[in-house]
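Just so we're on the same page: letters track the sequence lines, and every chain starts at 1.
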Number of protein chains: 2
Amino acid sequence: MTPTPKDHSECTRNLLPVKDALDILGGKWKLPIIIALTFGNKRFKEMQREINGITAKMLSKELKDLEVNQLVKRTVYDTVPVSVEYELTTYGKSLHKVIGELRTWGLQHRKKVLSKAE
Amino acid sequence: MTPTPKDHSECTRNLLPVKDALDILGGKWKLPIIIALTFGNKRFKEMQREINGITAKMLSKELKDLEVNQLVKRTVYDTVPVSVEYELTTYGKSLHKVIGELRTWGLQHRKKVLSKAE
DNA sequence: TATACCGGTTTACTAAAGTATACCTACTCA
DNA sequence: TGAGTAGGTATACTTTAGTAAACCGGTATA
């Protein structure tokens, strides 16, 4: 009835890395941004156009977060006027499988929901 | 420079299922609850003890959400007093791979962070 | 009688996430 | 000269997520 210490610690051990991942990927925009960048490097306004509904503030903030975590690299080109390009780092690309699984599950879920349909 | 319509629609097409998945799994407690249940069926207070920091209100609410989405099944036993058991449905168990990938990535990320160490 | 367990709900609150709008410099095009 | 682009920042606001604490009926234990 009472969880055994073993259960509890195993649960925690399994949970921690999942939480770590979600800290980085959580929120409304992180994955949309990452996914947008899997289609190629992009500039700020370009991303804003491509990701429906995101505001400049959020895009700016989220890109910073992703940069800090080294998933995204920001390059400023010394053109006139400056242009800024964002790209996925190798590390960012390592999320590929995670995103793939989420996508697969989401697709299947959508199919299920639609089949019981309203 | 301007995203091609193709890019944009491909991006959306890839994003939607991921969003669907995150709608269901998002928030602080959904995955902790699901992971706790992968270690076996559990009762309410038992889960509350096992999941560090969750309040009764959140546990109750999140379990309802998961039940609605058919990831978790709630069974009331007609004992005196009633006992209530929660279990993962087959559908809930289908998240196994998603969670596995998140966990793998999170573990590797943690290792990376620790190695640059503060 | 008092205390504690079970499975929650209710109320009130705070904190975090996200939005809307305006604004900034520097540049180009007509 | 005015409008539009790029790459943002600042301010103020709303909405949502989450917390803390009290409470409920019923049962059991001492």
Side-chain angles (χ1 to χ4, degrees), chain A residues 1-4 15 18-34 36-37 40-69 72-87, chain B residues 1-4 15 18-34 36-37 40-69 72-87:
Chain A
M1 197 74 74
T2 305
T4 64
L15 202 43
V18 174
K19 275 194 171 168
D20 289 345
L22 261 58
D23 279 351
I24 290 174
L25 304 177
K28 191 170 176 180
W29 300 112
K30 298 270 167 49
L31 284 173
I33 289 172
I34 291 170
L37 286 176
N41 303 356
K42 297 212 161 53
R43 297 173 58 179
F44 191 87
K45 291 285 182 186
E46 206 175 347
M47 299 191 71
Q48 211 188 329
R49 281 190 297 267
E50 189 154 331
I51 301 171
N52 284 335
I54 196 166
T55 59
K57 181 189 167 185
M58 288 309 292
L59 182 54
S60 170
K61 192 210 134 216
E62 301 286 84
L63 281 169
K64 267 177 206 155
D65 289 351
L66 292 171
E67 214 192 329
V68 166
N69 287 311
V72 162
K73 189 181 161 205
R74 180 179 188 266
T75 310
V76 180
Y77 291 102
D78 195 11
T79 53
V80 177
V82 295
S83 58
V84 181
E85 196 175 71
Y86 294 91
E87 66 183 297
Chain B
M1 198 72 76
T2 305
T4 63
L15 201 45
V18 175
K19 277 195 169 169
D20 289 345
L22 261 58
D23 278 351
I24 290 174
L25 304 177
K28 191 170 175 181
W29 300 113
K30 298 269 166 52
L31 284 173
I33 290 172
I34 291 170
L37 287 177
N41 303 357
K42 297 210 162 51
R43 297 174 58 178
F44 191 87
K45 290 286 182 185
E46 206 175 347
M47 301 191 70
Q48 211 187 330
R49 280 190 299 266
E50 190 153 333
I51 302 171
N52 285 334
I54 196 167
T55 59
K57 182 189 165 183
M58 288 309 293
L59 182 53
S60 170
K61 191 209 137 218
E62 301 286 82
L63 281 169
K64 267 177 206 157
D65 290 351
L66 292 171
E67 213 192 329
V68 166
N69 287 310
V72 162
K73 189 179 160 206
R74 180 179 188 266
T75 310
V76 180
Y77 291 102
D78 195 12
T79 53
V80 177
V82 294
S83 58
V84 181
E85 197 175 68
Y86 294 91
E87 66 183 298

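Using a distance-only test at 3.5 Å, with no hydrogens or angles considered, no donor-acceptor pair links the side chain of B/K45 to the main chain of B/R43.
Look at B/Y77 and you won't find any side-chain N or O under 4.0 angstrom from OP1 or OP2 of C/dC6. Note on B/R49: a side-chain N or O is less than 4.0 Å away from OP1 or OP2 of C/dC6. The side chain of B/K64 places an N or O atom within less than 4.0 Å of a non-bridging phosphate oxygen (OP1 or OP2) of C/dT9. Proximity of B/R43 to the phosphate of C/dG8: no side-chain N or O atom is located under 4.0 Å from OP1 or OP2.
When each of A/I33, A/N41, A/L37 is tested with A/Y86 by the rule side chain to side chain contact (heavy atoms under 4.5 Å, CB included), just one qualifies, namely A/L37.
No side-chain heavy atom of A/V84 sits less than 4.5 Å from a side-chain heavy atom of A/F44. The shortest distance between side-chain heavy atoms of A/L66 and A/K30 falls below 4.5 Å. The shortest side-chain heavy-atom distance between B/I34 and B/L25 falls under the 4.5 Å cut-off.
The distance between atom CE of A/M47 and atom P of D/dG7, rounded to the nearest whole Å, is 11 Å. Atom NZ of B/K61 is separated from atom P of C/dT11 by 18 Å (rounded to the nearest Å). Residue A/D65 contributes atom CG, which lies 12 Å from atom C1' of C/dA17 at whole-angstrom precision. Regarding B/E62, its CD atom lies at a distance of 15 Å from the P atom of D/dT16, rounded to whole Å. In this structure, A/L59 atom CG and C/dG18 atom C1' are separated by 14 Å, rounded to whole Å. In this structure, B/D78 places its CG atom 15 Å from P of D/dG26, rounding to the nearest Å. Between the OH atom of A/Y86 and the C1' atom of D/dG7 there is a distance of 7 Å, rounded to whole Å. For B/E46 and C/dG8, the CD to C1' distance is 16 Å, given to the nearest whole Å.
Closest to the side chain of B/S83, out of D/dG8, C/dG8, C/dG7, is C/dG7.
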Polar pairs (N or O, both sides) under 3.5 Å between protein and nucleotides 19-27 of chain C?
unit_1 : atom_1 : unit_2 : atom_2 : d
C/dT19 : OP1    : A/K28  : NZ     : 3.1
C/dT19 : OP2    : A/W29  : NE1    : 3.3
C/dT19 : O4     : A/K57  : NZ     : 2.6

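For residues 19-28 of chain A, every residue pair satisfying the side chain to side chain donor-acceptor pair (under 3.5 Å) rule, not counting sequence neighbours, is listed here: A/D20-B/R110.
Going from atom NZ of A/K73 over to atom CD of A/E87 covers 5.0 Å, rounded to the nearest 0.5 Å.
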